[in-house]
Amino acid sequence: MDDKARYEGYWKANVRLITILLSIWALVSYGFGIILAPVLNNIMIGSIPLGFWFAQQGAMIVFVILIFVYCKLMDGIDKEYDVNE
Amino acid sequence: MSVEVWTYLLVGLSFAGYIYIGYYNRVRDTKGFYVAGQGVPAVANGAATAADWMSAASFISMAGIIAFLGYDGAIYLMGWTGGYVLLALLLAPYLRKFGQYTVPDFVGDRYYSQAARAIAAVAAVFISFTYVAGQMRGVGIVFSRYLQVEIWLGVVIGMIIVAFFAVLGGMKGITWTQVAQYSVLILAYLIPAFALAFIITGIPVPQMAITFGDIIPRLEGIQTELGLGSYINSSRPMIDVLAITIALMAGTAGLPHVIVRFYTVPSVRAARYSAGWALLFIALLYTTAPALASFAKLNLIDTLNGVSVEAVQNEPSLSWARSWETTGLLSFEDKNGDGVYSLTSGDANEVSIDRDIIVLATPEVAGLSAPIIALTAAGGLAAALSTASGLLLVISSSLSHDLYYRLIKPTATEGERLMVGRLVIFGAILVAGYFGINPPGFVAEVVAFAFGLAAASFFPLILLGIFDKRINSTGAISGMIVGLVFTTVMIVGQRSVQLLGTPEPMIGPFFGITAQGIGTVGMILNFVITYAVSHATEAPPQEVQDMVESVRIPRGAGAASGH
């Protein structure tokens with residue numbers, strides 16, 4: 001395929017991945033940590049309520065994982081579309 | 001050895017280390033001065049970014065803020081970490097591919113407008129100055145508490161250290177010093193936290209101790225009993241919590257001193273990974289902070305509630321209470337004259353605790369050994385100095401590169417540009433030191449401003465510039481003006497009591513959203529207007545669209561940085 005089509009395909013794959021990962025990002029922070037926190041607080045993790053745990057621990061742990069997942073998957077996508085450095 | 005001797009020793013050793021690293025990494029060209037020659041490995045850049053990001057406020061005040069806010073402290077925890085996901089996925093890789101020296105470089109080229117470049121440079125200087133004054137103040141406070149020197153002398157010592165490695169080494173010196181400073185500050189934070197977690201719960205890892213120990217339920221019980229409010233539930237409207245968190249996330253991703261760190265790595269791939277390392281290093285401290293907050297608060301309430309007046313005056317184990325009382329950060333008053341101090345809410349409270357004590361006093365309260373207490377002082381200084389140096393570099397690059405070289409004298413030689421950069425950073429250190437010694441009274445107000453403005457201006461400007469080729473300068477400038485004006489008017493109006501001295505706030509909360517979160521609304525306005533105006537007017541020139549195409553493709557980042 002020509003360069004233009006290759007670059008467009010690469011960009012679409014990248015935007016799709018970003019959309020998925022940012023949905024998880026929003027779900028754990030705004031969702032579990034804030035909007036759903038009062039409901040999740042009825043469930044306990046260890047000795048603390050789950051909504052509180054997401055707000056002060058869980059969301060941050062998921063954020064770190066999301067960035068490394070993005071890095072790893074983009075390594076593959078970069079190679080697949082032959083745009084790697 | 002006493003705590004004071006240990007403090008002199010550890011602070012002295014760490015300072016000698018920073019000076020050596022600064023001298024070893026001195027630079028001779030502008031590329032080294034502004035972006036460390038683009039040769040910083042991803043992990044090292046991650047550590048430098050973490051040290052750059054975590055200020056005196058993160059190190060000294062954050063756990064204390066959480067201890068007093070309870071659940072609502074999550075605003076800062078999620079807000080100041082979530083922004084790194086946005087950076088890693090939406091901004092850093094593309095800005096690295098673009099491969100210039102500063103954020104205004106990108107804004108000026110993408111929107112083919114010298115006016116936009118100038119506005120961006122001025123905004124970067126404003127945001128950075130509001131921060132740096134607080135850092136210098138933090139240096140002064142740590143010196144005065146631990147080494148019994150006057151605050152002004154502490155600030156001057158801090159200025160000399162920063163001047164040494166920043167003027168000589170520019171970004172390269174700052175980067176490698178920040179790596180060392182991160183190591184000092186994280187050790188200083190984690191060692192007492194691990195010790196305290198083990199003493200209180202028997203579980204040494206703070207993140208596990210807060211989850212599986214019984215601290216939070218006990219704290220919730222005591223807080224309710226003493227009338228201090230719930231620790232687990234929010235005390236603010238949910239819409240405000242959401243808006244503040246979003247504004248802090250977008251603001252973090254839009255802060256120039258954070259973005260510019262991603263210009264220093266060798267490749268697009270390294271930019272992505274270094275964002276991951278940065279957040280991992282930051283999260284080590286930020287997930288420890290809520291644990292430390294709950295342990296320290298329980299410990300303080302346990303120790304101080306119901307303590308007798310006589311014990312506070314004479315008991316050897318409470319000597320820390322007497323030394324903190326002299327700083328004014330802790331105060332006792334037996335209002336009802338029963339010979340016992342009681343902690344409660346409102347006017348009947350007899351023990352007032354400043355939030356900054358939580359981290360600084362905890363090692364003493366828990367009876368930890370002298371070297372660990374001294375390490376806390378070295379850690380606080382490392383946090384303040386590393387953030388200050390990163391901010392000073394942004395001020396220097398905005399003034400000497402974006403304004404002087406790009407706008408005033410494009411014919412300047414390499415040697416002239418380097419000399420101007422060094423002079424400006426030296427001048428900025430003097431100004432920052434002045435504000436550290438004579439702090440303006442509204443620092444906290446101004447910091448809310450910095451995040452709101454970054455969220456309502458830089459973040460949408462850069463994001464749309466990368467993800468939508470159709471955005472033109474007319475749209476970007478209209479959106480930025482509306483976002484900035486709206487945010488400024490709302491913040492000044494809501495905080496008019498502190499900023500303008502009016503008896504009542506001129507504007508109330510905007511649909512429940514307070515000044516800290518209003519940047520979110522400004523950001524949404526900016527997005528909508530930029531998009532609508534750009535699509536209604538003509539497309540940007542072909543070479544700008546080609547540039548957007550090129551920043552989306554990783555290959556060629558090394559070559560792109562050659563110009």
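Chain identifiers are assigned alphabetically (A, B, ...) following the order of the sequence lines, protein sequences preceding nucleic acid strands; residue numbering begins at 1 within each chain.
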Name all residues meeting the ring pair (Phe, Tyr, Trp, His ring centres under 6.0 Å) criterion together with B:Phe194; count only those two or more places apart in sequence or in a different chain, and write none if there are none. none

Which class fits the ring pair B:Tyr182 and B:Phe281: parallel under 30°, tilted 30 to 60°, perpendicular over 60°? tilted

Determine whether more than 12 heavy atoms belonging to other residues, nucleotides or ligands lie under 6.0 Å from atom CH2 of A:Trp53. yes

Just give me the residue among A:Ala59, A:Pro38, A:Ser29 that pairs up with chain B most often, heavy atom to heavy atom, under 4.5 Å. A:Ser29

Give, as side chain, backbone, both or neither, the part of A:Val62 having an atom under 4.5 angstrom from any heavy atom of chain B. neither

More than 12 heavy atoms of other residues, nucleotides or ligands under 6.0 Å from CZ of A:Phe68: is that the case? yes

Between the side chains of B:Ser235 and B:Asp72, is a donor N or O closer than 3.5 angstrom to an acceptor N or O? yes

Chain B heavy atoms under 4.5 Å from A:Asn41: which part of the residue, side chain, backbone, both or neither? side chain

Residue from B:Ile246, B:Ile66, B:Ile215, B:Ile75 scoring the most non-hydrogen pairs under 4.5 Å with chain A is B:Ile246

In chain order, what residues pass the side-chain contact (heavy atoms from CB on, under 4.5 Å) check against B:Ala253, with sequence neighbours excluded? B:Leu86, B:Leu87, B:Leu91, B:Phe459

Which portion of A:Met74 sits near chain B, non-hydrogen atoms under 4.5 angstrom: both

Atom group of A:Tyr30 that falls short of 4.5 Å from chain B, counting heavy atoms: both

Close side-chain approach of B:Gln516 and B:Leu248, heavy atoms under 4.5 Å: no

A:Asp82 versus chain B, heavy atoms under 4.5 Å apart: side chain, backbone, both or neither? both

Can you tell which part of A:Ile65 gets under 4.5 Å to a heavy atom of chain B, answering side chain, backbone, both or neither? neither

For A:Phe63, which atoms come within 4.5 Å of any heavy atom of chain B: side chain, backbone, both, or neither? both

Does this structure show an ion pair linking A:Asp78 with B:Arg555, if we count only N-O contacts that are shorter than 4.0 Å? no

State whether A:Glu8 and A:Lys12 are salt-bridged, where the test is any N-O pair (Lys NZ or Arg NE/NH1/NH2 against Asp/Glu carboxylate O) under 4.0 Å. no

Among A:Leu40, A:Ile45, A:Val39, side-chain contact (heavy atoms from CB on, under 4.5 Å) partner for A:Ile43: A:Leu40

Leading residue by heavy atom contact count with chain A [cutoff under 4.5 Å; candidates B:Val241, B:Ile216, B:Leu242]: B:Leu242

So which bits of residues 20-27 of chain A come within less than 4.5 Å of chain B, counting non-hydrogen atoms only? A:Leu21, A:Leu22, A:Trp25

Please identify each residue that fulfils ring pair (Phe, Tyr, Trp, His ring centres under 6.0 Å) with B:Tyr76, with sequence neighbours left out. B:Trp80

Please determine, among B:Asp214, B:Leu279, B:Ile282, B:Leu89, the option with the most heavy-atom pairs under 4.5 Å with chain A. B:Leu89

Measure up the B:Tyr94 and A:Trp11 rings against each other and bin them: parallel (under 30°), tilted (30 to 60°), perpendicular (over 60°). perpendicular

Portion of B:Ala283 that has a non-hydrogen atom of chain A nearer than 4.5 angstrom: side chain

Select, from A:Leu66, A:Ile34, A:Ile48, the one with the greatest count of heavy-atom pairs under 4.5 Å involving chain B. A:Ile34

Is the shortest distance from a Lys or Arg side-chain nitrogen in B:Glu549 or B:Lys469 to a carboxylate oxygen in the other one below 4.0 Å? yes

I'd like to know if B:Arg269 pairs up with A:Asp75 as an ion pair, taking the criterion as any Lys NZ or Arg NE/NH1/NH2 lying under 4.0 Å from an Asp or Glu carboxylate oxygen. yes

Given a strict heavy-atom distance threshold of 4.5 Å, which part of B:Met208 is in contact with chain A: side chain, backbone, both, or neither? neither

Does any heavy atom of chain B fall under 4.5 Å from the side chain of A:Tyr70, the backbone, both, or neither of them? side chain

Chain A heavy atoms under 4.5 Å from B:Asn233: which part of the residue, side chain, backbone, both or neither? side chain

Would you mind checking which part of B:Ile210 comes under 4.5 Å of any heavy atom in chain A, side chain (CB onward), backbone (N, CA, C, O), both or neither? both

